[in-house]
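To start, the structure itself, in structure tokens.
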Amino acid sequence: MSGLNEQWLDLRSDTVTRPSAAMRAAMHAAEVGDDVYGDDTSVNQLQDYTADLFGYEAALFAPSGTQSNLLALLAHCGRGDEYLVGQEAHTYRYEGGGAAVLGSIQPQPISNQSDGSLALADIAAQIKPDDIHFARTRLLALENTIGGKVLGLAYLQQATTLAHERGLATHLDGARICNAAVKLGVSPREAVAGFDSVSVCLSKGLGAPVGSVLCGSRALITEARRWRKMLGGGMRQAGILAAGGLYALQHQYARLAEDHDNAAYFAGELAKVRGITVSTPQTNIFYVDIPADACRGLNDVLQLTRIRVSMAPRLRIVTHMDTSRDDIERAITVFGDFFG
Ligand SMILES: *Cc1c(COP(=O)(O)O)cnc(C)c1O
């Protein structure tokens, strides 16, 4: 498995991991069928396993997190309905406006607090009364982790209780919910308590090549399955992919702590470098603020030393299963030499 990508230390995202030999073997060996007919054993196994792991009745395999979130929005909300969502939330900001474009669902964005949460008072204030002037507020959508920050269980309980008391459903964009659960030291079920649905990404820190799983009630998943077909997400022998996802959940969940440790070490060392400001990672993501006039030079040095980071809008570093402590030591040296 050598190639151009092997020569780079890629810290842009945890989506860049490549499947290990053992994962590929599991995918190779997967029993498959036609999943549009519900016949793919490996897809069914993944869905059953994920539903059980997170404490839901049912689950649905989707080709991406964007589609999985959209399926949830479409299943929870109808035309002219509204969902409350963070300004910085992926479902609002980074999914092409899919809820509005494809679902005629109006987002009501709410400013995120610095810890990533939505203030309870802001949520309450944005729930519209039953009046013909307003869209019908149907759903509260939160995200955990958000920008690598972990929302705590007490907050999540308060927010979901508030939503339910006011007649709203609750959805969690849990692209990185496994990072949150590991960080909080709780089970996946405990991490999603209070949410009517959760979207779990298999292709971020968990390291599978493709896919997300939407979990919810049987009725919600039946509805989501219909939308998935309409969106072109009905895949045939998808068990090849699902087997990678199942392997990831079973074998690469607990090791997420290593990514968190690596990020903490990395950020701690970078914080000693003069002239830059480093955020303290809670999980596997952190941000580095550098002087504007250093951007170009740093970019050149990173190119030369074959290190990739996200530079815009902010320098972001993400650790993952394909970044070892040695890789990180190397990157620290590169940053130290550049700014030193
Ligand atoms: C990556 C991500 C998604 C979307 O996942 P894709 O598989 O890239 O479509 C959704 N929500 C969050 C928080 C994400 O980080």
Side-chain angles (χ1 to χ4, degrees), residues 10-19 46 50 54 59-74 76 83 85-99 101-103 107 109 112 115-118 139-151 156 170-183 191-192 195 197-215 224 227-228 231-233 235 238 241-242 244-245 248-249 256 259-260 263 281-287 310 313-314 316-321:
D10 197 339
L11 301 163
R12 288 173 299 176
S13 177
D14 45 11
T15 54
V16 301
T17 59
R18 275 147 287 141
L46 170 68
T50 313
F54 286 90
L60 187 67
F61 184 51
S64 71
T66 299
Q67 186 174 102
S68 176
N69 278 325
L70 181 58
L71 296 176
L73 295 173
L74 290 166
H76 283 296
Y83 74 112
V85 63
Q87 275 285 358
E88 294 162 25
H90 204 281
T91 55
Y92 173 59
R93 210 177 185 87
Y94 302 106
E95 294 180 8
V101 174
L102 300 166
N112 292 85
D115 66 358
S117 69
L118 305 182
L139 177 73
L140 172 66
L142 296 177
E143 181 176 319
N144 203 12
T145 63
I146 176 158
K149 293 174 186 168
V150 182
L151 303 180
L156 293 171
T170 52
H171 171 69
L172 181 67
D173 178 353
R176 296 190 178 88
I177 187 60
C178 300
N179 295 87
V182 164
K183 176 68 181 189
V192 299
F195 286 94
S197 57
V198 60
S199 171
V200 181
C201 189
L202 304 168
S203 65
K204 293 214 164 135
L206 287 172
V210 175
S212 282
V213 182
L214 178 66
C215 302
W227 287 114
R228 188 186 68 172
L231 294 172
M235 298 182 286
L241 303 174
L249 280 170
L256 290 170
D259 299 339
H260 301 171
Q282 294 180 16
T283 54
N284 66 326
I285 300 175
F286 64 96
Y287 297 86
S310 292
R314 227 177 142 191
R316 185 183 81 159
I317 288 176
V318 186
T319 56
H320 51 75
M321 57 182 293

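One-based numbering along the sequence shown. One-based numbering, in listed order, for ligands and for the atoms of each.
- With respect to atom 13 (C) of ligand 1, the closest heavy atom belonging to the protein is Glu143 OE2, 3.1 Å.
- For the pair Thr66 and ligand 1, the shortest N or O to N or O distance falls below 3.5 Å.
- Leu206 has its side chain within reach of Leu256: a pair of non-hydrogen atoms, C-beta onward, lies under 4.5 Å apart.
- Ranking the protein heavy atoms by distance from atom 10 (C) of ligand 1 puts His90 ND1, 3.2 Å first.
- At least one N or O atom of Asp173 sits closer than 3.5 Å to an N or O atom of ligand 1.
- Here Asn69 has side-chain heavy atoms under 4.0 Å from ligand 1, and that is the only part of it that gets that close.
- The option from Gly65, Cys201, Ala62 that lies nearest to atom 7 (O) of ligand 1, judged by heavy atoms, is Gly65.
- Counting the atoms of ligand 1 from 1 in the order shown, those under 4.0 Å from a heavy atom of Ser64 are 7 (O), 9 (O).
- Within the 4.5 Å cutoff, side-chain heavy atoms of Phe54 are placed close to those of Cys178.
- No heavy atom of Gln67 sits closer than 4.0 Å to any atom of ligand 1.
- Closest to atom 15 (O) of ligand 1, if we only count protein heavy atoms, is Lys204 NZ, 2.5 Å.
- Atom-to-atom distance recorded for Leu60:CG and Ser197:OG is 12.0 Å, nearest 0.5 angstrom.
- By the criterion of a heavy-atom distance under 4.0 Å, the side chain of Ala175, and not its backbone, is placed next to ligand 1.
- Side chains of Asn69 and His171: a donor on one and an acceptor on the other come within 3.5 Å.
- Side chain to side chain, Asn284 and His320 fail the donor-acceptor criterion of an N or O pair below 3.5 Å.
- Residue contacts with ligand 1, taken as heavy atom pairs separated by less than 4.0 Å, involve Arg176 solely via side-chain atoms from C-beta onward.
- Side-chain atoms of Ser212 and Ser68 include no donor-acceptor pair closer than 3.5 Å.
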